[in-house]
Number of protein chains: 2
Amino acid sequence: MVQTARLSERILESFDDLTKSERLLAEHFLENPDSLALHTAEEISSLAGVSKATTARFFKRLGFPSFKTAQRMARVRRSDSQHNKRVFSEPIQQRSGRGDLADHLASDVQNLIRTIEAIRGDELKDAVTYLARAEKVWVVGFGDNYPLAHFARAQLIKVKPDIRMIPLGGFPVPEEFASIRPTDAVLALAIGRRTATLRSILQSARLSGARTISVTDLTSSGNSELAEVTLRCRTSGLSYFDSLASPVSVMTYLCMAVADRLGQNAVDRLKYIDGIHSEWGDLG
Amino acid sequence: MVQTARLSERILESFDDLTKSERLLAEHFLENPDSLALHTAEEISSLAGVSKATTARFFKRLGFPSFKTAQRMARVRRSDSQHNKRVFSEPIQQRSGRGDLADHLASDVQNLIRTIEAIRGDELKDAVTYLARAEKVWVVGFGDNYPLAHFARAQLIKVKPDIRMIPLGGFPVPEEFASIRPTDAVLALAIGRRTATLRSILQSARLSGARTISVTDLTSSGNSELAEVTLRCRTSGLSYFDSLASPVSVMTYLCMAVADRLGQNAVDRLKYIDGIHSEWGDLG
DNA sequence: GTCAAACGATTCAAAAATGAAATTAATCTT
DNA sequence: AAGATTAATTTCATTTTTGAATCGTTTGAC
């Protein structure tokens, strides 16, 4: 566990201490995690829009002995993961685990704030547009993302009539997904462990001409953008679990914004649903 | 568009251009939106941990003529909102850029903070104890609470072996629930609309001698406690939907605290699960 | 009106950050 | 292996940021 700290981790640890140009570098690396292994210091500098000197200093500030060392480490790591093709998720680290609610919620407050800062306004607007215009929306979430997907669907269905879940019950994915059309949109929940199936789905979706949106965290290792629009949420938790408060918040916002965009239709639908709830009383 | 620009919006617009100490101020204001109206420049400076000079410059950089002007604007805005105190669930505004998201997340930040304040430490401790000691845990959530319940189970199952969902698939509730024992605990998600079934379940649970915990919002205040321990979360949203960020956060905390309480057992289980995930690669 | 107190704005010197250019290290050619 | 080439590091002058101290303005008490 000595030299295993990946770049993105180190960046996130000391994000607060970074200066403006260092943040440019930080964002560059978070968006293009392979950049360090693939490019020279000069190229990286110009990609991020800073001077070579700043790039060199950046890695020292992050605790690496030098740029070169960091690059070597990145290349080793890369060839490793080339080797055993599977992407291992981080071992669960035994962090402080002190367990004070105040600390926990404070950390989530930070997550929320940082999430606002990280999300680009134009991407968000695009996401809302895609979802609002889509004929069908496919909400995709495997493993730990399934509850999140469930949650997203529960909100979207109040606003739009045709929201499909992937995976669905015990049904095989391809059969379901076959009905995707260029007029659809896919909302992929991709926090934490990312599965190959998710990748395949996003790829198929893009091929089919549908719009793709992915909600993810900052650890997106290696893979370049999976979707047209990527909304990155902060999820760092104080202990064993990541915290999903900010993804939930972002998704609630998305639904709200979609409802807003759809205008009276959405309001009517909401009222109608509410009416049925009242009539039925229970059994919801 | 004359004087309508709120502070948080302006901060986010130019967040990328802010220096380190200015970011300290920015985060202070995002966390404490009322600070500008309530405190003097000096107090704010010391709260944020910067010098008065920096605070003064900060507001100029954001495009305000001066600190004073900004403060005056904030106070006017505040007294306005004091005036029309009612809370609409109508859409508040039609914009859809990032200012919207800023407002939304800021509102969730407030929800989180208020939630911390509202939850009593001893109740929380009891909740953790109940969940940790329980032989089986029943997670109950109907309607809109179902995704939340799903989510809670997904986390708890990583830490304890026997977590049951109610409702489950299409199976009738009583048949399932019959297996409840005095050594069990029930975690009821009761946010928003509460159903009669939920009430019945909690009542049966208490009769059976099992421990009962309910996670709920503030709309229930008044009517008698449904469960032994009630954790109230703030959920007010800016528009059509309630925001579930703080319940999610609280539940993540609960699971973390339970894991903590269980100690090595939980850690082993987590590692074991992680190992299986890695072996299987996908299909999670 | 005058004075005092409180507060915000400004100035200025010190510290930090930055990029251009020089220097050093490494890598490749022949 | 020596020279040529490329890339990383360091240096240094410039620019930016920052807080302590100072200056001005407003407010309120008498």
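In the text below, chain A, chain B and the rest are named by the order of the sequence lines, each starting its count at 1. Only heavy atoms go into these numbers, but all of them, side chains included; no hydrogens, no water, no symmetry mates.
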Considering every strand and a 4.0 Å limit on heavy-atom distances, what is the contact class for Lys20(A): base, sugar-phosphate, or nothing?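 Touches sugar-phosphate only.
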
Quick one: label Ala41(B) by what it contacts on the DNA or RNA (base, sugar-phosphate, nothing), any heavy atom closer than 4.0 Å.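 Sugar-phosphate contact only.
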
Can you tell me if the side-chain N/O atoms of [X] get under 4.0 Å from OP1 or OP2 in [N]?
{"X": "Arg61(A)", "N": "dA17(C)", "answer": "yes"}
{"X": "Thr19(A)", "N": "dT18(C)", "answer": "yes"}
{"X": "Lys52(B)", "N": "dT10(C)", "answer": "no"}
{"X": "Thr54(B)", "N": "dT18(D)", "answer": "no"}

Rounded off to whole Å, could you give me the [atom1]-to-[atom2] distance for the [X] and [N] pair?
{"X": "Leu25(A)", "N": "dG19(C)", "atom1": "CG", "atom2": "C1'", "value": "13 Å"}
{"X": "Ile44(B)", "N": "dA9(C)", "atom1": "CD1", "atom2": "C1'", "value": "15 Å"}
{"X": "Phe64(B)", "N": "dG8(C)", "atom1": "CZ", "atom2": "P", "value": "15 Å"}
{"X": "Phe59(B)", "N": "dT10(C)", "atom1": "CZ", "atom2": "P", "value": "15 Å"}
{"X": "Gln71(B)", "N": "dA9(C)", "atom1": "CD", "atom2": "C1'", "value": "14 Å"}
{"X": "Arg57(B)", "N": "dA9(C)", "atom1": "CZ", "atom2": "C1'", "value": "11 Å"}
{"X": "Arg72(B)", "N": "dT25(D)", "atom1": "CZ", "atom2": "C1'", "value": "12 Å"}
{"X": "Leu18(A)", "N": "dA17(C)", "atom1": "CG", "atom2": "P", "value": "10 Å"}

Counting heavy atoms from C-beta on, name the nucleotide in [options] closest to the side chain of [X].
{"X": "Phe67(B)", "options": "dA9(C), dT18(C), dG19(D)", "value": "dA9(C)"}
{"X": "Thr40(B)", "options": "dG8(C), dT10(C), dG19(C)", "value": "dG8(C)"}
{"X": "Ala53(A)", "options": "dT11(C), dA9(C), dG19(C)", "value": "dG19(C)"}
{"X": "Ala56(A)", "options": "dT18(D), dA9(C), dT9(D)", "value": "dT9(D)"}
{"X": "Lys68(B)", "options": "dT18(D), dA9(C), dA20(C)", "value": "dA9(C)"}
{"X": "Ser66(B)", "options": "dA8(D), dA9(C), dG19(C)", "value": "dA9(C)"}

Will you find, in the side chains of Asn111(B) and Ser246(B), an N or O donor that is under 3.5 Å from an N or O acceptor?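 No, because no side-chain N or O of Asn111(B) sits under 3.5 Å from a partner of the opposite role on Ser246(B).
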
Give me each pair satisfying salt bridge (Lys or Arg N to Asp or Glu O under 4.0 Å) with a member in residues 236-246 of chain B, each pair once, sequence neighbours excluded.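 Checked against salt bridge (Lys or Arg N to Asp or Glu O under 4.0 Å) - neighbours excluded - no pair reaches residues 236-246 of chain B.
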
Kindly indicate, with the supporting measurements, whether the criterion side chain to side chain donor-acceptor pair (under 3.5 Å) is fulfilled by Ser45(B) and Thr55(B). CA-CA 6 Å; Ser45(B) 307; Thr55(B) 305; 2.8 Å; yes

Out of curiosity, Ser243(A) OG to Leu112(A) CG, how far, rounded to the nearest 0.5 Å?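 These two atoms lie 8.0 Å from each other.
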
Measure up the Phe67(B) and Phe59(B) rings against each other and bin them: parallel (under 30°), tilted (30 to 60°), perpendicular (over 60°).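 Rings of Phe67(B) and Phe59(B): perpendicular, as their planes differ by over 60°.
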
